[in-house]
There are 2 protein chains.
Amino acid sequence: MVVFAGQGDARRSMSLLWRSDRPEQQDRRPGPGPRPGLSVDAIVTAAVAVADEDGMAALSMRAVGERLGRTAMALYTYVPSKSELLDLMYDAVHAELPMEYDDTGDWRAGLTDWARDTLEFQLRHPWVLQVSQARPVLGPHEYAGLDTLVHLLRTTGLEARLLRRLVGTLSHFVRGCAGTVAEARQAAAATGESDEEWWFARSALLGEVAPDFAERYPDLMAMETGSAPQPPAPAPAPGEEAVPYPEREARETFDVGLGVLLDGIEAAIGRTATP
Amino acid sequence: MVVFAGQGDARRSMSLLWRSDRPEQQDRRPGPGPRPGLSVDAIVTAAVAVADEDGMAALSMRAVGERLGRTAMALYTYVPSKSELLDLMYDAVHAELPMEYDDTGDWRAGLTDWARDTLEFQLRHPWVLQVSQARPVLGPHEYAGLDTLVHLLRTTGLEARLLRRLVGTLSHFVRGCAGTVAEARQAAAATGESDEEWWFARSALLGEVAPDFAERYPDLMAMETGSAPQPPAPAPAPGEEAVPYPEREARETFDVGLGVLLDGIEAAIGRTATP
DNA sequence: GAAGTTACTTTACGACGTAAGGAGTCGCAA
DNA sequence: TTGCGACTCCTTACGTCGTAAAGTAACTTC
């Protein structure tokens, strides 16, 4: 479920995002009519809470309204549509992204920290992974996050054109890792079946239904036997906090993949340094 | 919208995927009752056509049924639920993935071709990007595609454990690039507003609403001015086939990012070759 | 007090997946 | 030949969703 962002009145949407109509509201000129019981901020906060707790699929106008003791329609006084609300939520949580990193020379450490923070952020708010990237929300906090990454990348001294592509490359990678973990957690929560149980049951069925598996996929088998006996899950060490199997898998992919990516960037730096 | 796959009867689901109940069907023992007017394959084909043409959001049981001249409920005779149908669709289209690549030494060329083919495949069927990766479908064609990639990676001589992570890293990267393009196309189709138009309008609004943009995001500005004056779209050369702006952007990210990734892999190979 | 504006509610519409039950069609045993 | 049971496919219905339209009540301003 990729959710697309506001397509309504673009000007109103941008005003809300950048809070450029706030001055008037803060004057507290009450004007005629009953006192507003809600506010855009309260609605965004409630909506983020719903999405964090119950996932994007559970994010309905009715659910957000209920959390605020109102009906769904009450929200439309403050927010033009669900799409715009989603934009606001997206930008609001991006305020959590750290902005200060070591930029005194060790670009590798800086980017590693950035990637880790971004991963954790996306796992805290897994629903952000389901907001379309193609037409960005263009809010102040999203831009701030982008600026942070660009700042780190600029310390490598690489040319601007290449930098642009590295932003995308790193983002895709982190998003992919986060998505895998987030989806695994969501599947476990939705089905009540842990990943270990799921894999165990599916492996057995696979053996029944595809007895020629080893011959059909020789390279896959060679890799599996050469690395770790994993699809039948490794026993979780007793007493140890058990990180579920595919989550551990994804985190290792994150560590290794990030290293490979940074090695590639290092190669690029070496190439421009000695032309 | 991330869509989760079948959670129903796992055995039936796997049987359908691997067609291990097909022999009986192919015997054409008619049995009692009216002749089946449909088949699992026909339904899957129709569903893929709907999803390809109108996107995942338009993939409803009613729409698939209509395309086959039936009601939505008629499909439930052949397929247990929409989730299982999605599994079947997912695996079915993966049969399109090429399986033969140059594995005679030039692993770089092989992986580049693989990545390009995978990207094109995912752009042909953008809805596959919206199927959850955490609990894979485990169908024969998905496994075949995985086997192909592993085969290519094994020619690098890297150890199995590292290989596993590279599979994920490369997949995340390609999926990310494909997702950006797919979402851009979908947004353009849904709104009727081209990406150029969209960027142009949004840039103007951004100037209104955030006049201090340049001071707030200095690194972003430095990168933009240092690379290409792009958000205000570059004029499409007349007569030339105009690849939309963010699609071109994404394809460049693909080329550059893939190069960086392969450089990283090359570094890993060099490290193990000279221990 | 009357008028006008605003916050919020109720009701309603057409989409969705799919459960339940019914109608019609066919092979096969009696 | 008849009727049973299995089978395909249909209609209807329920509870979800976003949100349009219209109504009610609270409040400021004249």
Between [N] atom [atom2] and [X] atom [atom1], what is the distance in whole Å?
{"X": "E66(A)", "N": "dC17(D)", "atom1": "CD", "atom2": "C1'", "value": "14 Å"}
{"X": "M61(A)", "N": "dC8(C)", "atom1": "CE", "atom2": "C1'", "value": "14 Å"}
{"X": "L68(B)", "N": "dC10(D)", "atom1": "CG", "atom2": "P", "value": "11 Å"}
{"X": "L86(B)", "N": "dG17(C)", "atom1": "CG", "atom2": "P", "value": "11 Å"}
{"X": "K82(B)", "N": "dA15(C)", "atom1": "NZ", "atom2": "C1'", "value": "12 Å"}
{"X": "L38(A)", "N": "dA7(C)", "atom1": "CG", "atom2": "C1'", "value": "9 Å"}
{"X": "D54(A)", "N": "dT16(D)", "atom1": "CG", "atom2": "P", "value": "15 Å"}
{"X": "L75(B)", "N": "dA19(C)", "atom1": "CG", "atom2": "P", "value": "13 Å"}

Would you mind telling me which of [options] lies closest to the side-chain atoms of [X]?
{"X": "Y76(A)", "options": "dG27(C), dG18(D), dC9(D)", "value": "dG18(D)"}
{"X": "M73(B)", "options": "dC17(D), dT10(C), dA19(C)", "value": "dA19(C)"}
{"X": "P34(A)", "options": "dC8(C), dT18(C), dT6(C)", "value": "dT6(C)"}
{"X": "P32(A)", "options": "dG4(C), dT19(D), dC16(C)", "value": "dG4(C)"}
{"X": "S81(A)", "options": "dG17(C), dT19(D), dC7(D)", "value": "dT19(D)"}

- Task: May I ask you to check whether Y90(A) and H141(A) place their ring centers less than 6.0 Å from one another?
- Result: no
- L59(B) near the nucleic acid: base, sugar-phosphate alone, or nothing, with a heavy-atom cut-off under 4.0 Å? sugar-phosphate
- Checking all strands, does A74(B) fall into the base, sugar-phosphate, or nothing category for heavy-atom contacts under 4.0 angstrom? sugar-phosphate
- Quick one: sort the W18(A) and Y143(A) rings into parallel, tilted or perpendicular, breaks at 30° and 60°. tilted
- Charged N to carboxylate O under 4.0 angstrom, R67(A) versus E53(A)? yes
- Message: For R70(A) and R62(A), find the nucleotide of DNA chain C closest to each by heavy atoms; which residue's nucleotide sits nearer the 5' end?
- Response: R70(A)
- Message: Tell me whether E66(A) at atom CD has more than 12 heavy atoms from other residues, nucleotides or ligands lying less than 6.0 Å away.
- Response: no
Report yes if a side-chain nitrogen or oxygen of [X] is closer than 4.0 Å to either non-bridging phosphate oxygen (OP1 or OP2) of [N]; otherwise report no.
{"X": "T71(B)", "N": "dC9(D)", "value": "no"}
{"X": "Y78(A)", "N": "dC8(C)", "value": "yes"}
{"X": "T77(A)", "N": "dC8(C)", "value": "no"}

- Might you work through the side-chain hydrogen bond (donor to acceptor under 3.5 Å, both in side chains) test for E183(A) and S132(B), ending with a clear yes or no? CA-CA 6 Å; E183(A) 287 168 13; S132(B) 168; 3.0 Å; yes
